[in-house]
Structures are given as C-alpha cells and as structure tokens.
Amino acid sequence: VQPYFVTSFSTLSAFLNRHHYTAIIILVDDNTRAYCLPQLLAETPQLEQSYIIEIPSGEPFKNLDMCKRIWEQLLHWRIDRNAIMINLGGGVICDMGGFIASTYKRGIRFVNIPTTLMAMIDAAIGGKTGIDFYEYKNVIGVFNEPEAVLIYPGFLKTLPSDELMSGFAEMIKHALIGNKTLWNELQTVNPHELKDWSVLLRKAIKVKQKITGKDFRETRLRKVLNFGHTIGHAIESHFLKKNKKLLHGHAVALGMIAESFLSHKKCGLPDNDLIAIQNYLIQYYGKYASGKITYKPLKKYLINDKKNLNNQMLFSLIRSPGNPLYDVACSEQDVKNALEYLGGLL
Ligand SMILES: NC(=O)c1ccc[n+]([C@@H]2O[C@H](COP(=O)([O-])OP(=O)(O)OC[C@H]3O[C@@H](n4cnc5c(N)ncnc54)[C@H](O)[C@@H]3O)[C@@H](O)[C@H]2O)c1
Ligand SMILES: [Zn+2]
C-alpha cells in the first residue's frame, strides 16, 4: 500500500466512512496514548465508540504474553472478523499490532499510524509484522499488508531526541542503499533542528517501497535493507546482554560504519565515500558506544546470524552510495578487521 501523508485525520474519517467495520480497536502504548491519541480522537468522530488497548511502552513488551492478553481482550469484547485495528505508535505497536490483527480469527484488517521516525520510514511499511520470542528478535511473525498507512509528521515533535536519532539511522541506511541524492542531502541537514520532515520522509519511504515491492518475502533483493544490520544486530545483542541500553538505530549506525569498511574491502566502495560515511555517522552515533566495541564478545552473535548460509558470513553491502549488493561472502578475518576498524574510531 502507498502511505498517505496527512496534515490532519480527516483522511481517516473519510476512510472509515467508506467502509463498514463492526468495531474499531486502537492499540497504543503509554506514550502514544498521551501524545498522539488525543489528537486522533479529536479529529476522527468515528472513533468515539472505539475500543482502546494500552500496553506499556518498550521492546520488552513485544512478546507472546502481551499478544495473548490482547487476543483475550478481543475475544472478551466479542470482536468479529469485520473489525479493524488501528496501530498508533512506533515500531513495537505496528509490528505487534499487525501480528495480532493478522492472526486473530485468521486475520482482521489493520491500519498503521506510525508515530516515530523509525516506524514512519521502516516498521509501518513493507508488510513485516511480528514479535520477539525469548531472546530472539522478530522470529515469530507473518508478512501481511495493512489496509492503509497514514503518516502525520507532526507526531515527531514530541519524540525524544535519542529515539529520533535511532530512526534517523534507518533514513541514512535507506539513502546509502537506494538514493545517492538523499545521501547528499542528509549531509547538509541538522536532524535536531529540522522543522519539516516530510520531504526526507517521502524519499526514504520511496526507497523502502521500491525494494519491498520487488521482493516482498525477502528471497533476494529485499536483503539489501539489512545493510548495517548484520554487525548492528550483534552490537545490539551484546549491549542487551550487558544490560546497557543501545537503541536499534544507534547499533545499526555503528554497524554501517563496520559494513562500509567491508564494502570498501570487498566491493570497491571508494576511499572518500568510506571516510565521508564514517565521519558522518561517528559525529551522531559515536557517543553511544565510545570505546566499547571489540570483536571477541560479538563473535557468537555474528555466527548465529540468520542471514548466514553454509558457514559463510553473508553481508548486504554497497558498491557506492545508492548502489547496493547482497549475499556478499566475508570471512571471519574480514569481519574481525571491520570491527577493529570501528573500535579504533570510537
Ligand atoms: N517491521 C519492520 O519492517 C521493522 C522495521 C524496523 C523496525 N522494526 C521494529 O520496530 C521496533 C522499534 O521501533 P521504534 O524505534 O519506533 O520503537 P518504539 O515503538 O518502542 O518507540 C520508541 C519510544 O518512543 C515512544 N513514542 C512513540 N511515539 C512517540 C511520540 N510521537 N512522542 C513521544 N514518544 C513516542 C514509544 O512509547 C517508545 O517509548 C523494533 O521492535 C523493531 O524490530 C520493524
Ligand atoms: Zn533496522
């Protein structure tokens, strides 16, 4: 589906008027209930009779236990298959809400209204839904598209700056894998002072849509979206294990530095591009992991990465900004060198 950019929720009203749903359920977390729900309700009279489900915010609640509670609630309210669920929140709400809707009574319809930068350009679009299971991220889920995605950039005003920068890292990734012009543009803006996100949002979303449109179930091309994520996930898991907070996008930003080094070694990413990418990312994200990254503790997470086949480590890399490659085999020594390179910059 094509996301709609909106400046108010009259679009949602019109959408709800065109369809007849037996019930409307809105899924929020404590923050989106406080910061986003009031405006949505005020501008959408059809939601007056809706059912609201609030969950605590944060990744630890994107789990089966929470799904179970929500499915129970839906059954308790006797929600039938002609109901619709509105996911109002960040990636956690969109991923889990999409999964709950897709499986309840074999699937009810849902709409995503992303409220974080991460969700607007990534989680809410592309049709991946799911939850974490034990310590494994996103391992249970289904591919399923929402009925609609509504992007209201105004919600970004209340987003904490670390969360904004976490999403911004995915925007940088979209630029590096799919839009060189956007990459050049990003280098001239200050994300902390940007007033109007809509132009950048549109361009970043276009990159993701183009890729997922060609390979919805990630058999080939969609893998390029994993740029920065193989090493990024290992860094994220390592920090999680140590009980240190490192947001997904911050880990991916550091992963992109290491994987740009691999891109330079394995795919001919030019020197000057490598330097530009690393300087740019270090200025924003270096502080989140200063001096704390070495190869040894990350090794076990890299070996288990789901993208590996036949004991090779397979990476999604770039030949140049805007020009991606997938399934590039790298040896353990290559990866070790990349992490040592990253560690040396921190
Ligand atoms: N399905 C996909 O393709 C895909 C892609 C990328 C990420 N994800 C998933 O997305 C999740 C991360 O998403 P996220 O970064 O949005 O995290 P999140 O949903 O936890 O939101 C981050 C924080 O911001 C708060 N928040 C949300 N909107 C706000 C607003 N407008 N104002 C103030 N606070 C607000 C939330 O309550 C939360 O505390 C991860 O679980 C990840 O796996 C999925
Ligand atoms: Zn990501």
Can you tell me how far [atom2] of [Y] sits from [atom1] of [X], rounded to the nearest 0.5 angstrom?
X      : Y      : atom1 : atom2 : result
Glu236 : Leu254 : CD    : CG    : 11.0 Å
Leu240 : Lys137 : CG    : NZ    : 9.0 Å
Asn323 : Asp273 : CG    : CG    : 10.5 Å
Arg319 : Cys267 : CZ    : SG    : 7.5 Å
Ile25  : Ile86  : CD1   : CD1   : 9.0 Å
Ile205 : His174 : CD1   : NE2   : 8.0 Å

Problem set entry | Identified side-chain contact (heavy atoms from CB on, under 4.5 Å) counterpart of Met171 within the set Leu186, Asp122, Val207 |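 Going through the options one by one, the only one that passes is Leu186.
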For this session: Using side-chain contact (heavy atoms from CB on, under 4.5 Å) as the criterion, point out the one residue from Thr44, Leu41, Asn87 that pairs with Ile26.
Result: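 Testing each of Thr44, Leu41, Asn87 against Ile26, the sole residue satisfying side-chain contact (heavy atoms from CB on, under 4.5 Å) is Leu41.
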[X] with [Y], same ILVMFWY side-chain cluster at under 4.5 Å:
X      : Y      : answer
Ile113 : Phe99  : no
Leu225 : Ile231 : yes
Phe239 : Tyr285 : yes
Ile84  : Tyr51  : no
Leu247 : Leu117 : no

Counting only heavy atoms from other residues, nucleotides and ligands, does the tally under 6.0 Å from [atom1] of [X] exceed 12?
X      : atom1 : answer
His19  : NE2   : yes
Arg18  : CZ    : yes
Gln283 : CD    : yes
His192 : NE2   : yes
Gln49  : CD    : no
Lys105 : NZ    : yes
Tyr280 : OH    : yes

For the side chain of [X] and the backbone of [Y], is there at least one donor-acceptor N/O pair under 3.5 Å apart?
X      : Y      : result
Ser263 : Ile318 : yes
His229 : Phe227 : yes
Gln46  : Ser13  : yes
Asn112 : Pro114 : no
Asn144 : Ser102 : no
Tyr284 : Phe168 : no
Asn138 : Gly130 : no
Ser166 : Asp162 : no
Glu54  : Thr32  : no

For this session: Could you tell me which non-hydrogen atom of Pro3 sits nearest to which non-hydrogen atom of Ile125, and how far apart they are?
Result: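 Shortest heavy-atom contact: CG-CG2, 3.8 Å.
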Problem set entry | Closest heavy-atom pair and its distance - Ala329, Lys266 |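 Closest pair (atom of Ala329, atom of Lys266, distance): O-CE, 3.6 Å.
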Problem set entry | Stepwise side chain to side chain donor-acceptor pair (under 3.5 Å) test for Asn337 and Gln333 | CA-CA 6 Å; Asn337 293 344; Gln333 188 61 46; 3.0 Å; yes
Exercise. Ring centres of Phe155 and Tyr152 under 6.0 Å apart?
Worked result: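 Here the rings of Tyr152 and Phe155 have centres that are less than 6.0 Å from each other.
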Exercise. Who passes side chain to side chain contact (heavy atoms under 4.5 Å, CB included) against Asp215, sequence neighbours left out?
Worked result: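 Here the qualifying residues are Thr219, Arg220, Leu221, Arg222.
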Problem set entry | Those residues that, when tested against Thr22, pass side chain to side chain contact (heavy atoms under 4.5 Å, CB included) (two or more places apart) |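 Here the qualifying residues are Asp80, Asn82, Ala83.
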For this session: Tell me whether the guanidinium CZ or amine NZ of Arg109 lies under 6.0 angstrom from the six-membered ring centre of Tyr21 and within 45° of its axis.
Result: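 No, cation not above the ring by the 6.0 Å, 45° rule.
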Exercise. Between Lys265 and Asp334, does a salt bridge (Lys or Arg N to Asp or Glu O under 4.0 Å) hold up when you go through it step by step?
Worked result: CA-CA 8 Å; Lys265 293 290 175 197; Asp334 293 328; over 6 Å; no
Exercise. Please walk me through it: do Tyr326 and Asn226 pass side chain to side chain donor-acceptor pair (under 3.5 Å)?
Worked result: CA-CA 9 Å; Tyr326 60 88; Asn226 290 320; over 6 Å; no
Tell me, do [X] and [Y] make a side-chain contact under 4.5 Å, heavy atoms counted?
X      : Y      : value
Ile211 : Ile177 : yes
Asp95  : Ile131 : no
Trp71  : Thr103 : yes
Ile93  : Leu88  : no
Glu59  : Asp132 : yes
Glu340 : Phe261 : no

For this session: Taking ring-ring contact (aromatic ring centres under 6.0 Å, His included) as the test, write out the residues that go with Phe216, two or more places apart.
Result: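 Once residues adjacent in sequence are excluded, the partners of Phe216 under the ring-ring contact (aromatic ring centres under 6.0 Å, His included) criterion are Phe143.
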For this session: For the pair Glu170 and Lys173, evaluate salt bridge (Lys or Arg N to Asp or Glu O under 4.0 Å) and give the outcome as yes or no after the intermediate values.
Result: CA-CA 5 Å; Glu170 302 282 5; Lys173 182 202 72 182; 3.1 Å; yes
For this session: Might you work through the salt bridge (Lys or Arg N to Asp or Glu O under 4.0 Å) test for Glu185 and Lys203, ending with a clear yes or no?
Result: CA-CA 11 Å; Glu185 224 172 308; Lys203 291 181 183 169; 2.8 Å; yes
